[in-house]
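All residue numbers in this chain count up from 1 along the given sequence.
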Amino acid sequence: MTVQKTRAKLVDVARQLFAKKGVEDTTMNDIAVASRKGRRTLYTYFKSKEQIYMAVVESELEMLSDRLREAAGKTMSPDKKILELIMTHLDTIKMVVYRNGTLRASFFRDIWRVEAVRKHFDQNEIVLFRRILEEGKMQGYFDIDNVDITADILHYCIKGIEVPYIRGQIGEDLDDETGWRYVAKIVYGALGCTKKNL
């Protein structure tokens, strides 16, 4: 097995154990046994459980980044694309959190630890927002003065509603279509979309 594949296998096994048992109750030995690798091999790649936990978070964020790049690359008008990016962000974050079971509690409790790893992901997402906003401004879809500031604000607004979205606390009595219609109205209003562009 190549170095990259071995590392990826260790990270995936650790993710599954963290999801099932929780980070605190998973030992490095558990990961070594479950991955069918010796402790020596595991310690060659990761010096501590903290290091492998952060690698798990990084791999989940990488998957989220891939989904966002895919959404940003779709052929559609900028107004539709910005909503697609927002939906992809929120739905993928929700899926990642649910797929990781008991890791979910750790994820929210250790938010500052996760923030350090997330910094690179956030910067990449802001670049995607800027690109779409610039495209929309050039094509007359968005009436915004400063693309950079607007992209930053948009990113942090989306990031700010992750937890209530994951917990189902936003529009819990609304069906998805109605809920996203409200999101579209707020986003389009903030970006200065005119009726003719919708």
Enquirer: Can you measure from NZ (K137) to CD1 (I144) and round to the nearest 0.5 angstrom?
Expert: 6.0 Å
Enquirer: Judged by atom type as modelled, is there a donor-acceptor pair below 3.5 Å linking the side chain of T6 to the main-chain atoms of T2?
Expert: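 Checked: pair present.
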Enquirer: Dump the intermediate steps for side-chain contact (heavy atoms from CB on, under 4.5 Å) on H120 and E58, then the final yes or no.
Expert: CA-CA 10 Å; H120 181 66; E58 279 175 20; over 6 Å; no
Enquirer: Taking it one step at a time, do I93 and Y165 satisfy side-chain contact (heavy atoms from CB on, under 4.5 Å)?
Expert: CA-CA 9 Å; I93 282 274; Y165 183 80; over 6 Å; no
Enquirer: If you take all heavy atoms of Y45 and Q51, which pair is closest and at what distance?
Expert: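 Nearest heavy atoms, Y45 then Q51: O-OE1, 3.9 Å.
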Enquirer: Just jot down the side chain to side chain contact (heavy atoms under 4.5 Å, CB included) partners of D145, sequence neighbours excluded, or say none.
Expert: none
Enquirer: Provide the closest heavy-atom pair for S35 versus K9 in the form atom of the first, atom of the second, distance.
Expert: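 Distance-wise, the nearest heavy atoms are O-CE, 3.2 Å.
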Enquirer: Is there a side-chain contact between N124 and L128 (heavy atoms, below 4.5 Å)?
Expert: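 With C-beta onward as the side chain, the pair stays apart.
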Enquirer: Heavy-atom count check: over 12 atoms from other residues, nucleotides or ligands less than 6.0 Å from Q123 CD?
Expert: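 Result for CD/Q123: enclosed.
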Enquirer: Is it the case that the side chain of Y188 and the backbone of D79 share a donor-acceptor pair, with hydrogens and angles ignored and the cut-off at 3.5 Å?
Expert: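 Between the backbone of D79 and the side chain of Y188 there is a qualifying donor-acceptor contact (under 3.5 Å).
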Enquirer: Shortest non-hydrogen contact from T88 to L64?
Expert: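 Heavy atoms only, the tightest pair is O-CD1, 4.4 Å.
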Enquirer: Starting from I161, can I reach L68 by hopping between I/L/V/M/F/W/Y residues whose side chains sit under 4.5 Å apart?
Expert: yes
Enquirer: Give, for atom CG of D122 and atom NZ of K119, the distance between the pair rounded to the nearest 0.5 Å.
Expert: 10.0 Å
Enquirer: Which ILVMFWY residues are connected to I126, directly or by a chain of links, through side-chain heavy atoms under 4.5 Å apart?
Expert: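 Y156, all in the cluster of I126.
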Enquirer: Can you tell me how far the OG atom of S48 sits from the CE atom of M54, to the nearest 0.5 Å?
Expert: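 So the OG of S48 and the CE of M54 are separated by 10.5 Å.
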Enquirer: Output yes when K81 and E134 qualify as a salt bridge under the 4.0 Å nitrogen-oxygen rule, no when they do not.
Expert: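 A salt bridge is absent here (no side-chain N lies under 4.0 Å from a carboxylate O).
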Enquirer: Specify whether F121 and H89 have parallel, tilted or perpendicular ring planes, treating 30° as the upper limit for parallel and 60° as the lower limit for perpendicular.
Expert: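 Taking H89 first and then F121, their aromatic rings sit tilted (interplane angle of 30° to 60°).
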Enquirer: Side chain to side chain contact (heavy atoms under 4.5 Å, CB included) with A8: which residues, sequence neighbours excluded?
Expert: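 By the side chain to side chain contact (heavy atoms under 4.5 Å, CB included) rule, A8 matches no residue at all.
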Enquirer: With sequence neighbours excluded, tell me which residues meet salt bridge (charged side-chain N to carboxylate O under 4.0 Å, His left out) with D12.
Expert: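 In terms of salt bridge (charged side-chain N to carboxylate O under 4.0 Å, His left out), with neighbours along the sequence ignored, D12 is linked to R15.
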Enquirer: Does I170 belong to the same Ile/Leu/Val/Met/Phe/Trp/Tyr cluster as I166, with side-chain heavy atoms less than 4.5 Å apart forming each link?
Expert: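 Both belong to a single hydrophobic cluster.
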Enquirer: My understanding is that only residues two or more places apart in sequence, or in another chain, count here; which of them pass side chain to side chain contact (heavy atoms under 4.5 Å, CB included) with T27?
Expert: N29, D30
Enquirer: Going by the salt bridge (Lys or Arg N to Asp or Glu O under 4.0 Å) test, which pairs reach into residues 146-155, not counting sequence neighbours?
Expert: R130-D148, R130-D152
Enquirer: Would L154 and I86 count as a side-chain contact (heavy atoms from CB on, under 4.5 Å) here? Give the steps.
Expert: CA-CA 9 Å; L154 185 58; I86 292 168; 4.1 Å; yes
Enquirer: Tell me the closest heavy-atom pair linking G160 and P164, and the distance in Å.
Expert: O-CD, 4.0 Å
Enquirer: A14 and V56: which non-hydrogen atoms are nearest, and at how many Å?
Expert: CB-CG2, 4.1 Å
Enquirer: If two hydrophobic side chains count as joined below 4.5 Å and joins carry through other members, does L10 share a cluster with Y43?
Expert: yes
Enquirer: Suppose we screen for side chain to side chain contact (heavy atoms under 4.5 Å, CB included). Which residues come up paired with M95, at least two apart in sequence or across chains?
Expert: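 If we apply the side chain to side chain contact (heavy atoms under 4.5 Å, CB included) test to M95, skipping adjacent residues, the hits are M63, R67, T92, R99.
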Enquirer: Could you tell me the separation between the CG atom of L83 and the CE atom of M76, rounded to the nearest 0.5 Å?
Expert: 9.5 Å
Enquirer: Taking CE in M138 as the centre, count heavy atoms belonging to other residues, nucleotides or ligands within less than 6.0 Å. Is the count above 12?
Expert: no
Enquirer: NE2 of H155 to CG of L85: how many Å apart, nearest 0.5 Å?
Expert: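 Answer rounded to 0.5 Å: 11.0 Å.
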Enquirer: List the residues meeting salt bridge (charged side-chain N to carboxylate O under 4.0 Å, His left out) with E62, not counting sequence neighbours, and say none if there are none.
Expert: R69
Enquirer: Name every donor-acceptor pair, under 3.5 Å, that has one atom in a side chain of residues 176-187 and the other anywhere in the protein, sequence neighbours excluded.
Expert:
from : atom 1 : to   : atom 2 : distance (Å)
T178 : OG1    : D175 : OD1    : 3.2
T178 : OG1    : D175 : OD2    : 2.8

Enquirer: Can you list the steps and then say if I31 with F46 is a side-chain contact (heavy atoms from CB on, under 4.5 Å)?
Expert: CA-CA 11 Å; I31 297 166; F46 302 100; over 6 Å; no
Enquirer: Can you tell me how far apart CE (M28) and CD (E50) are? Round to the nearest 0.5 Å.
Expert: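 Here the rounded value is 11.0 Å.
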Enquirer: Other than I149, which residues form its hydrophobic cluster under the rule that side-chain heavy atoms must be closer than 4.5 Å?
Expert: I153
Enquirer: I need the minimum non-hydrogen distance between I132 and I82, along with the two atoms involved.
Expert: CG2-CD1, 3.8 Å
Enquirer: Could you note down all residue pairs passing salt bridge (Lys or Arg N to Asp or Glu O under 4.0 Å) where residues 84-94 supplies at least one of them, sequence neighbours left out?
Expert: K74-E84
